[in-house]
Every structure is written in C-alpha cells, then in structure tokens.
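Take a look at the structure set out below.
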Amino acid sequence: MVFSIMKRSSLFIATILPSFIYGQINYTGSVVNKRNGEKIPFASVGLIKENTGINADEYGYFLLISNKNIAADTLIVSCVGFKTFKLPLNKQVNENLLIALDEKNSELGEVIITSGKYGTSTILNEFSNCGNSYVGSSGYQTQLAQHFQAPMRNSLLGNVKICRMHIPFLSPEKARFRIRIYDMDSITLGPGKDLCNQVIEVKSGEKNISIDMEKYKLRIPGRDFFVAIEWLKIPLNENKRKTKMADGRVIETITYRPSIGWTDNQGAKMEAWMLDYKGNWRPMFNSNNKTSVSISVECLTQKTPN
C-alpha cells in the first residue's frame, strides 16, 4: 500500500480451530520448532489463494481470519531460518493441529575469501530525504525489497539506513520489523535465495533508522543483492482507520508500520520489489518514474594488498 505527503520436511503438530462467524473462518494455532518444540515468535501465516495473512505473536500463537472462505485454499507458514510449510485446507485437516517447522540448513553459495582488509566504504542508493510518498502493508504485502549492486564480489555488508514515515505527536509510534538479505534470482532478476538465516529484528520509533549489519559478517557472493523489510502484522504495528461510506456504512481498514519512504531517485528500471502470500516477488509499479525506496546500504570492499 502506498501513502502520499525471528533443516527437513515439516510436520504439523499446533491447533487450527475454524469457527464460522458471519461468514468468516477463524484459524487459530501455534507454530513451534520441530527439533526442540520451542515456540517460534512472529512466524508468517497466510492463505495463498486469498492472498492475505498475519504474523504469530511473540509466543508463537496466531489468529488468522478468512473473509472470503475460498475453496481448497492453502495455509502457508514461514519464518526466517526455517523451511516454508504449506497445508492444503479441507474438512480433514482443520482442527487439533500444531505447526512444527524444520530448521533450514545453510544453502548459501560459496564465498571466496581473499587476502586484504576491508576498508573501502561505498554507500549504495544514498538518499537525501524520505521522499513525499510512503510504502506500507495492508493485506497481501509481506516484504519490501530494494535492489543493490555491490562494487565487487564478496563485499561485506555494513550499515543499513532506512527512512520511514514519522510525524511527531501525530504518528511517532514504534515499529517492529525484520531485515532480510537475498541474493538475486538469475531467472526473475528479483530476490532469490536467503543470504542470512539469522533473525535480524528492529524496534524503533525514529524516522531515520540505522542498523549495524557489519557484526553479522554478511558477505555478498556476487554483486547483485536485495535488502528487504519484512513487516510483522502484529498489534504493535497496527494503524486502524475508520471511513464512512456514501451509503452510511463505516469501514475499518488496518495498515501496518513501518511505512517506508519512496524516494525521488530515478532510474531506467524498477529497483523495488514486493512479496505476497502466494510467494511471488513482483516489481513495484512505476509511479512518476520513482524506482527506489528509502533504503541505503554501506558496502565494505577489500583493499588490494601491496
């Protein structure tokens, strides 16, 4: 939505209890680690065909409401560091289930370590301000990614800077979200394989957010990569608005923080991509030739030894 001005085949063992309320179906349950049974906080839980979803809470519990009740829909559950699981929904699999996710083994490409020290810093997609538009999430958007091209292979990821909507006294609320790092998919040229299986979570009320990524020792195997914001659709991040329609009905809409600035940087191709609950990465639509969002990255490259 655009505004202007936290390893093998997965096993299901949590509870999904459907209840029918005014045509809605409520799916409730919990998500755990298959290896040790620990609850997985903030796992993403969605419906593929309806293309909507929510996040589990910090204890791994979730409530997902289906408004469309689409026949033969599929529940999709994912979290950084775990394999994605899909559950076809039908009358035989809609109660007394606990969702257990398998840990993901590292499948990152080989990183060639060369001699020399990291010392040359390059800022990619540097922006002077947030811009006059913002990108947030309402229904189907789960992640927002910005494309970058490192100066050279095997660059070290340094500081990440993000500019978000922040209006003092009116909208100064904290937002909680996660940072994801992806390689480029050679076919779609969009985000591909995860380059980091660690949970990188941020909670901040600032307009300009700076995240020190150097401590994670993330090296970019090739040159093209993506840095993504993963929205957490939890009560902390909710923005609720009521709108009165022409027929007198009052409609409540919910959007989720943070809303990321859409910069005035212009380019020949779209650099910002969005992920939906169907698992599809798509380039953002081009508006007034804006192609980037307000995410910048510091790349550290190695000095050539004398």
Side-chain angles (χ1 to χ4, degrees), residues 2 7-10 44 46-53 73-88 101-112 124-125 135 137 139-157 160 178-198 200 213 216 218-231 260 262-263 265-287 289-293 295-297 299 301:
V2 179
K7 299 183 184 186
R8 301 169 294 267
S9 68
S10 299
S44 174
L47 293 168
I48 292 180
K49 289 186 178 180
E50 190 169 335
N51 203 9
T52 190
D73 209 337
T74 300
L75 193 75
I76 182 169
V77 184
S78 63
C79 188
V80 59
F82 293 87
K83 292 183 179 180
T84 297
F85 193 93
K86 297 178 182 179
L87 174 67
L101 299 183
D102 282 314
E103 295 176 353
K104 183 187 294 183
N105 294 321
S106 178
E107 299 176 350
L108 306 184
E110 181 183 8
V111 176
I112 306 300
L124 307 177
N125 195 42
V135 183
S137 177
Y140 67 88
Q141 307 98 329
T142 67
Q143 294 185 38
L144 170 67
Q146 172 68 29
H147 170 239
F148 298 94
Q149 191 170 73
M152 59 186 295
R153 296 186 60 192
N154 199 29
S155 295
L156 184 70
L157 199 60
V160 169
R178 288 177 172 177
I179 298 293
R180 305 290 295 268
I181 312 297
Y182 297 98
D183 204 351
M184 174 182 274
D185 186 281
S186 60
I187 298 176
T188 67
L189 302 184
K193 187 183 301 182
D194 268 303
L195 291 179
C196 179
N197 287 333
Q198 300 181 71
I200 304 174
M213 300 292 291
Y216 296 100
L218 295 177
R219 293 180 175 86
I220 309 302
R223 293 188 61 193
D224 293 282
F225 68 102
F226 293 81
V227 175
I229 303 295
E230 180 180 6
W231 284 289
I260 308 302
W262 199 2
T263 71
N265 291 348
Q266 297 183 7
K269 60 182 180 179
M270 178 56 65
E271 303 288 356
W273 293 62
M274 299 190 81
L275 177 67
D276 62 23
Y277 285 99
K278 295 180 179 181
N280 297 323
W281 281 103
R282 301 179 186 277
M284 281 182 57
F285 58 88
N286 200 323
S287 176
N289 295 321
K290 295 178 181 179
T291 61
S292 303
V293 290
I295 303 175
S296 68
V297 169
C299 270
T301 53

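Count residues from 1 along the sequence.
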Would you compute the distance between atom [atom1] of [X] and atom [atom2] of [Y] and round it to the nearest 0.5 angstrom?
X: Ile220; Y: Leu157; atom1: CD1; atom2: CG; value: 5.0 Å
X: Leu189; Y: Asp224; atom1: CG; atom2: CG; value: 8.5 Å
X: Lys104; Y: Asp194; atom1: NZ; atom2: CG; value: 4.5 Å
X: Ser292; Y: Ile260; atom1: OG; atom2: CD1; value: 13.5 Å
X: Thr74; Y: Lys278; atom1: OG1; atom2: NZ; value: 11.5 Å
X: Thr52; Y: Gln141; atom1: OG1; atom2: CD; value: 10.0 Å

What are the two closest heavy atoms between [X] and [Y], and how far apart are they?
X: Leu101; Y: Lys83; result: CD2-O, 4.0 Å
X: Arg219; Y: Leu156; result: CG-CD1, 3.8 Å
X: Ile76; Y: Lys86; result: CD1-CE, 3.9 Å
X: Cys196; Y: Val80; result: O-CG2, 3.9 Å
X: Thr188; Y: Trp273; result: O-CH2, 3.5 Å
X: Ile229; Y: Ile295; result: CG1-CD1, 3.9 Å

Can you tell if the side chain of [X] reaches within under 4.5 Å of the side chain of [Y], non-hydrogen atoms only?
X: Asp276; Y: Thr142; answer: no
X: Val227; Y: Ile181; answer: yes
X: Leu75; Y: Leu47; answer: yes
X: Leu275; Y: Arg282; answer: no
X: Trp231; Y: Leu144; answer: yes

Determine whether a donor-acceptor pair (N or O, by modelled atom type, separation under 3.5 Å) exists between the side chain of [X] and the backbone of [Y].
X: Asp73; Y: Lys49; result: yes
X: Glu230; Y: Gln143; result: no
X: Arg223; Y: Arg153; result: no
X: Asn51; Y: Tyr277; result: yes
X: Ser44; Y: Ser78; result: no

Assess whether ring-ring contact (aromatic ring centres under 6.0 Å, His included) is satisfied between Tyr182 and Trp281, documenting all intermediate values.
CA-CA 12 Å; Tyr182 297 98; Trp281 281 103; 5.6 Å; yes
Quick one, Met274 with Val135, criterion side chain to side chain contact (heavy atoms under 4.5 Å, CB included). Give me CA distance, side-chain angles, the key distance, then yes/no.
CA-CA 10 Å; Met274 299 190 81; Val135 183; 3.9 Å; yes
Parallel, tilted or perpendicular, judged at 30° and 60°: which one describes the rings of Phe226 and His147?
tilted
With a 6.0 Å cut-off on the ring centroids, do Phe225 and Phe148 count as close?
yes
Taking 4.0 angstrom as the limit, do Asp185 and Lys193 come out as a salt bridge?
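Not counted as a salt bridge, because no side-chain N and carboxylate O are separated by less than 4.0 Å.
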Could you walk me through whether Ile200 and Tyr216 satisfy the side chain to side chain contact (heavy atoms under 4.5 Å, CB included) test, starting with their C-alpha distance in whole Å, then the side-chain angles of each, then the deciding distance to 0.1 Å, before giving a yes or no?
CA-CA 9 Å; Ile200 304 174; Tyr216 296 100; 3.9 Å; yes
